[in-house]
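First the proteins, then the strands, lettered A, B, ... as listed; each starts at 1.
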Protein chains: 2
Amino acid sequence: MNRMPVAERREQLVEAALAVASRDGIEAATVRAVAAEAGVSLGVVHYCFQDKDELLRAMAHAITERNTVQGLDQIPRGLPVAEVLELAIDALWASISSTRGSQLLSYELTTSSLRHPELNQVAIEQYRGQWAAAEYVLDVVGKAAGVTWALPSEELSRIVVAVVDGYSLGWLVDGNADLALRGLRGLGGYLATLAVPIENGAPGSGAPMDDDAVAPQSDESPA
Amino acid sequence: MNRMPVAERREQLVEAALAVASRDGIEAATVRAVAAEAGVSLGVVHYCFQDKDELLRAMAHAITERNTVQGLDQIPRGLPVAEVLELAIDALWASISSTRGSQLLSYELTTSSLRHPELNQVAIEQYRGQWAAAEYVLDVVGKAAGVTWALPSEELSRIVVAVVDGYSLGWLVDGNADLALRGLRGLGGYLATLAVPIENGAPGSGAPMDDDAVAPQSDESPA
DNA sequence: CAGTGACTTGGGCGGTTGTCCAAGTCAAGT
DNA sequence: ACTTGACTTGGACAACCGCCCAAGTCACTG
């Protein structure tokens with residue numbers, strides 16, 4: 001094999017682990033399988049990572065980092081909240097539904113983390129990332145539509161993450177993408193009822209609305 | 001060991017498998033560990049089950065069947081829909097939050113099922129059971145409060161299952177039961193806005209309400 | 001051009017897994 | 001009392017796992 005500095009080799013191995021685990025499941029991501037996927041011999045993995053667990057943690061970190069939301073910068077301003085939300089949700093679902101293996105791997109990583117002390121931090125990092133991402137998206141959407149939200153953004157992001165998680169799981173099980181997307185659009189409709197227009201002279205818009213502030217739902221995608 | 005007919009022995013082994021897997025995770029439920037938990041020798045397991053997979057399927061079937069909702073028969077009639085929903089949700093959450101290991105095992109079973117062809121039917125059976133249970137609960141609640149729902153019950157049950165799943169996962173990760181319960185009560189508040197009183201002379205009640213029928217959320221617990 | 005050290009190799013180690021089986025034990029029927 | 005067959009036992013097997021290491025290879029520096 002081509003010689004390569006450790007740092008670069010590590011990235012390659014993480015990539016290989018991600019490929020194997022997304023395709024065949026986290027249990028299939030053995031040291032041997034990762035080495036074979038990367039086209040290197042067995043010893044290389046333990047030369048670059050102290051443990052198999054360290055490799056798995058690096059892989060989890062990579063897949064979590066990759067879940068950053070994309071394409072939010074091109075959301076047009078001045079649209080009604082409901083429409084902005086629909087755009088955001090459609091984009092989110094497109095990115096989720098096109099990466100089934102990664103989605104499934106994310107849930108496998110979460111449950112594995114909750115069982116094995118060596119992966120202790122993985123799950124909480126995953127969800128901290130998702131809650132923060134949801135909060136950020138809600139902030140961007142709110143600014144694009146000129147509204148604020150009737151609920152604290154931590155609660156709202158929890159709602160978004162929970163609902164997206166729930167529908168993603170359901171979709172993984174039954175394979176019905178349309179049903180899931182319709183459900184998520186419903187979440188968008190619910191969120192729209194929580195939008196409060198900014199009194200400021202700015203050209204806001206969207207669903208005005210009372211808050212009878214009931215609340216919870218929410219989640220940001222684990223893609 | 002005491003002699004025992006196969007059928008009875010099978011039940012005992014399923015119980016042992018459930019104990020091991022709930023406590024230590026699905027990976028820890030090896031044939032040896034299950035035999036030890038049941039206090040029988042190794043060969044007994046393969047005498048009662050053809051495969052390890054057959055044992056796992058039987059275990060999954062048992063845990064899914066056990067998720068039937070309880071205590072619904074003692075819901076008082078004539079209460080406002082919002083209060084009935086809160087009662088139901090509090091009971092549901094009490095049963096979820098008191099069985100952390102089983103909840104986690106349910107998610108492990110789902111992901112395992114989605115990866116291994118031998119467990120193919122497990123996940124879909126789990127969710128069919130949960131969607132049906134949610135539908136049943138919504139029906140009971142509706143009758144107790146004298147209302148019907150503004151959305152088709154299949155969609156509503158999907159919402160319930162998705163939201164409960166999402167919040168359960170979040171709770172498994174961060175351990176914050178209060179936050180999850182508050183979130184689920186919010187789901188109850190949302191559902192209340194979808195309740196339509198029955199015109200019939202019956203003493204219904206609860207939040208009346210327009211349906212702007214957006215929709216989805218929902219889930220029934222995997223306990 | 002020689003030497004040094006980072007990187008790679010492939011096999012071996014002990015442990016665990018699912019599966020199998022020859023032999024043993026015990027309750028029930030004749 | 002003896003036979004039969006359901007049930008149990010404990011060890012063996014091959015396959016796989018994570019981990020380790022002595023030896024080899026190559027790029028680079030002096």
Calculate the interatomic distance between [X] atom [atom1] and [N] atom [atom2]; express it in whole Å.
X	N	atom1	atom2	answer
A:E118	D:dG18	CD	C1'	13 Å
A:I26	D:dC17	CD1	P	15 Å
B:H116	C:dG18	NE2	C1'	14 Å
B:M4	C:dT25	CE	C1'	16 Å
B:E8	D:dA6	CD	P	17 Å
B:L13	D:dC7	CG	C1'	13 Å
B:Y47	D:dG10	OH	C1'	17 Å
A:F49	C:dT8	CZ	C1'	16 Å

Atom pair OH (A:Y167) and CG (A:L179), whose distance is rounded to the nearest 0.5 Å
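Separation between the atoms: 7.5 Å.
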
Set out, line by line, the N/O atom pairs under 3.5 Å between protein and nucleotides 27-30 of chain D.
none

I'd like a list of close polar pairs between nucleotides 19-22 of chain C and the protein, N/O only, cut-off under 3.5 Å.
from: C:dT19; atom 1: OP1; to: B:D51; atom 2: OD1; distance (Å): 3.1
from: C:dT19; atom 1: OP2; to: B:H46; atom 2: NE2; distance (Å): 3.0
from: C:dT19; atom 1: OP2; to: B:K52; atom 2: N; distance (Å): 3.0

Would a distance-only check, ignoring hydrogens and angles, find a side-chain to backbone donor-acceptor pair under 3.5 Å from [X] to [Y]?
X	Y	value
B:Q126	B:S106	yes
A:S157	A:E154	yes
A:T30	A:A33	yes

Look at the side-chain N and O atoms of B:S41 and state whether any lies under 4.0 Å from the OP1 or OP2 oxygen of D:dT8.
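Indeed not, no polar side-chain atom of B:S41 lies that close.
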
Go through residues 15-24 of chain A and report each residue with a non-hydrogen atom lying under 4.0 Å from DNA chain D, sorted by number.
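Result for residues 15-24 of chain A: none.
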
Heavy-atom check, side chain of B:L119 versus side chain of B:V122, under 4.5 Å:
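A side-chain contact exists here, since the closest heavy-atom pair is under 4.5 Å.
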
Do the side chains of B:R66 and B:E15 get close enough for a salt bridge, i.e. N-O under 4.0 angstrom?
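Judged by the 4.0 Å cut-off on N to carboxylate O distance, B:R66 and B:E15 do form a salt bridge.
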
Tell me whether A:E135 is salt-bridged to A:R128, with the criterion being a basic N under 4.0 Å from an acidic carboxylate O.
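Not counted as a salt bridge, because no side-chain N and carboxylate O are separated by less than 4.0 Å.
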
Any pair counted as salt bridge (charged side-chain N to carboxylate O under 4.0 Å, His left out), so long as it reaches [range], sequence neighbours left out:
range	result
residues 96-109 of chain A	A:E108-B:R115
residues 48-63 of chain B	B:R10-B:E54
residues 16-40 of chain A	A:R23-A:E37

Report the C-alpha separation of A:Y107 and B:Y107 in whole Å, then their side-chain angles, then the decisive distance to 0.1 Å, and conclude whether the ring-ring contact (aromatic ring centres under 6.0 Å, His included) test is met.
CA-CA 8 Å; A:Y107 294 114; B:Y107 294 114; 8.3 Å; no

Out of C:dC7, D:dA6, C:dT9, which nucleotide sits closest to the side chain of A:V44?
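Ranking C:dC7, D:dA6, C:dT9 by closest atom to the A:V44 side chain puts C:dT9 first.
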
